[in-house]
Visitor: 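Shown below is the structure under consideration.
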Protein chains: 2
Amino acid sequence: MDQADVVVPRQRALKHVQVREHVRSLIEAQPPGSAAPSERELVARFGVARMTVRQALDALVGEGLLERIPGRGTFVAQPPKTAGRLTSFTEEIRRRGMLPESQTLLARVEQAGPGVARALDISPGDPVLHWRRLRRADQAVVCVEDAYLNEVLLPGFLQHGTPTSLYEALAARGLRPSEVEDSISADRASAEEAAILEIAAGDPVLRHARRAVSDGRIVEVSRTCYRHDRFTVYLQLADR
Amino acid sequence: MDQADVVVPRQRALKHVQVREHVRSLIEAQPPGSAAPSERELVARFGVARMTVRQALDALVGEGLLERIPGRGTFVAQPPKTAGRLTSFTEEIRRRGMLPESQTLLARVEQAGPGVARALDISPGDPVLHWRRLRRADQAVVCVEDAYLNEVLLPGFLQHGTPTSLYEALAARGLRPSEVEDSISADRASAEEAAILEIAAGDPVLRHARRAVSDGRIVEVSRTCYRHDRFTVYLQLADR
DNA sequence: TATCTTGGCTGGTATGGACCAGGCGGACGT
DNA sequence: ACGTCCGCCTGGTCCATACCAGCCAAGATA
């Protein structure tokens, strides 16, 4: 093996990706309904074939960012539409125009118990990161969350301070969840939960359990207990 | 205007549609993982350009029916995966292997109040079907549901008895919801709800509100109140 | 026999040309 | 002043060709 084989993965930018990202940056600040560059215009600007431009636009149309109207042009599609999907607490609170905060109550490596081990698809006793946070929105206490992370996938995850957004930290490691299994139920607050959430024991709470999968690997298992008066889950589902 | 202009809209079958449907029929009986015809094979078979074949296969890949593997071929994808989506109470209970039952407490045409009118996107005072049902799973009381239906879209809906499954009845009229907006929260049972659900007033309940859209028209708005000890919402979400 | 090379397959990217139908506005004729 | 028609622009469809990278098995080589 000579040096020539030790190439940096210098992926030469694909034409259609260049065009796609250029258009994406053009339209992301545009209001819905405004016109995107025409296909032939992009052909001239980038010096590429029209099929290449169409491939780029197809991707954006597929993402729901653009809308084609034959005979008229290509336009920025209506607002996010099916927004807020697969979001974390931080992202969800921000989306509602509030300021998310997070106070770590506990962050340590534990040995997985049988329940957590099964949920994370590891063996009981394997190391897991247990991270308990009290979460606020605009200063008001909203929920307490216990997250269990597969330590093997996240070496030294909590060494350099605790990130604000778990999902953003996972994304930075290429482990952003792409699929989740959630369960949502109502229950009574335990004495411990009530103390943390500043409510009375037995008050209604919303429980949310999540198993998050990234690239076929289970990266996060969490259980969250919400004050019933400060949080509602909103969902948009579509059959396709 | 002569007769030549009065053409039947004889849409000559588009090539890529022909190829797409042919491949669809080929693969719909195949087990996941089996190979689909290669692109060049389809080019030869249909006498079309490869771009056309790719356009056809792109559509099927987009539908999740096919999966491309560079250097290997195109294969029938794993089954839909994301099962049980956009289901009604009846379907959801059946999916859990229990027997759903429904007892109509109220079924009549009312004048829409301001809240329901806004949710149904009609004017206050317009006629709406109000249908309240007590719902059971394996005989056990689970929830009470208030559904409001757009009377204009469903003439004589409750005339010939009340259907068991609302969604199946809607499907029979081509109005099965394709998109829904849900909100889920925890709360305390009101005195009336508690009496119906055979629990104590103030006990925790899970509230579920839904706006269901079919073909761009809002067909159903409902509010459901679940006993916290007998129902949990399960969800599978995926980013795409 | 075990390893290496190679060529034939796959899908992925890209070019450049061609024609169609539909939206739309300006030029034209009434 | 008004309506019609035509030409330009748009995206939609389709063709023929070319080269790339990855997979894989068969044949060549050590």
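Chain naming here is simple, since letters A, B, ... match the order of the sequence lines and numbering starts at 1 in each.
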Visitor: In whole angstroms, how far is the C1' atom of C:dG11 from the CG atom of B:L66?
Guide: 13 Å
Visitor: What is the distance, rounded to the nearest whole Å, between atom CG of A:L14 and atom P of C:dG12?
Guide: 12 Å
Visitor: Extract from the structure each pairing of a protein N or O with an N or O of nucleotides 24-26 of chain C at less than 3.5 Å, listing the distance.
Guide:
{"unit_1": "C:dC24", "atom_1": "OP1", "unit_2": "A:R72", "atom_2": "NE", "d": "3.2"}
{"unit_1": "C:dC24", "atom_1": "OP1", "unit_2": "A:R72", "atom_2": "NH1", "d": "3.3"}

Visitor: Side-chain N or O of B:R68 less than 4.0 angstrom from OP1 or OP2 on C:dT10?
Guide: no
Visitor: Within this structure, what is the NE2-to-P distance between A:H16 and C:dG11, rounded to whole angstrom?
Guide: 17 Å
Visitor: Hey, is the side chain of A:K15 poking within less than 4.0 Å of OP1 or OP2 on C:dG12, counting only N and O atoms?
Guide: no
Visitor: Walk me through it: do B:L154 and B:L170 pass the test side-chain contact (heavy atoms from CB on, under 4.5 Å)?
Guide: CA-CA 9 Å; B:L154 298 163; B:L170 289 175; 3.9 Å; yes
Visitor: So how far is it from A:Q111 CD to A:H130 NE2, rounded to the nearest 0.5 Å?
Guide: 14.5 Å
Visitor: Expressed as a whole number of angstroms, how long is the span from B:D58:CG to D:dC14:P?
Guide: 14 Å
Visitor: Strictly below 4.0 Å, N to O, side chains only: are B:R24 and B:E28 in salt-bridge contact?
Guide: no
Visitor: Kindly indicate, with the supporting measurements, whether the criterion side-chain contact (heavy atoms from CB on, under 4.5 Å) is fulfilled by A:R50 and A:R40.
Guide: CA-CA 7 Å; A:R50 189 161 156 234; A:R40 287 166 177 85; 3.4 Å; yes
Visitor: Would A:R96 and A:F231 count as a cation-pi pair here, with the cationic atom under 6.0 angstrom from the ring centre and within 45° of the axis?
Guide: yes
Visitor: Taking for each residue the nucleotide of DNA chain C with the nearest heavy atom, is it B:R54 or A:I69 whose nucleotide lies nearer the 5' end?
Guide: B:R54
Visitor: Quick check on contacts: within residues 42-52 of chain B, what sits under 4.0 Å from DNA chain D by heavy-atom distance?
Guide: B:G47, B:V48, B:A49, B:R50, B:M51, B:T52
Visitor: Mind calculating the distance between CD (B:E67) and P (C:dG12) to the nearest angstrom?
Guide: 11 Å
Visitor: Would you call A:R211-A:E220 a salt bridge at under 4.0 Å N-O?
Guide: no
Visitor: Quick one: A:E39 CD to D:dT13 C1', roughly how many Å, whole number?
Guide: 11 Å
Visitor: Using side chain to side chain donor-acceptor pair (under 3.5 Å) as the criterion, list what pairs up with A:E168, not counting sequence neighbours.
Guide: A:R94
Visitor: Report the residues that fulfil salt bridge (charged side-chain N to carboxylate O under 4.0 Å, His left out) with A:R68, sequence neighbours left out, ordered by chain and then residue number.
Guide: A:E39, A:D58
Visitor: With no hydrogens and no angle check, is any side-chain donor or acceptor of B:S183 less than 3.5 Å from a backbone partner on A:V233?
Guide: no
Visitor: So B:E91 and B:Y167, side-chain contact (heavy atoms from CB on, under 4.5 Å) or not? Walk me through it.
Guide: CA-CA 9 Å; B:E91 295 163 334; B:Y167 278 24; 4.2 Å; yes
Visitor: Just the rounded figure in Å: distance from P of D:dC20 to CZ of B:R40.
Guide: 14 Å
Visitor: If you fit an axis to the five pairs at each end of the helix from C:dT1-D:dA30 to C:dT30-D:dA1, how big is the angle between those two axes, to 10 degrees?
Guide: 10°
Visitor: Among residues at least two apart in sequence or on other chains, which ones pass ring pair (Phe, Tyr, Trp, His ring centres under 6.0 Å) with B:F75?
Guide: none
Visitor: Please report the distance, rounded to the nearest Å, between CD in B:Q55 and C1' in C:dG11.
Guide: 17 Å
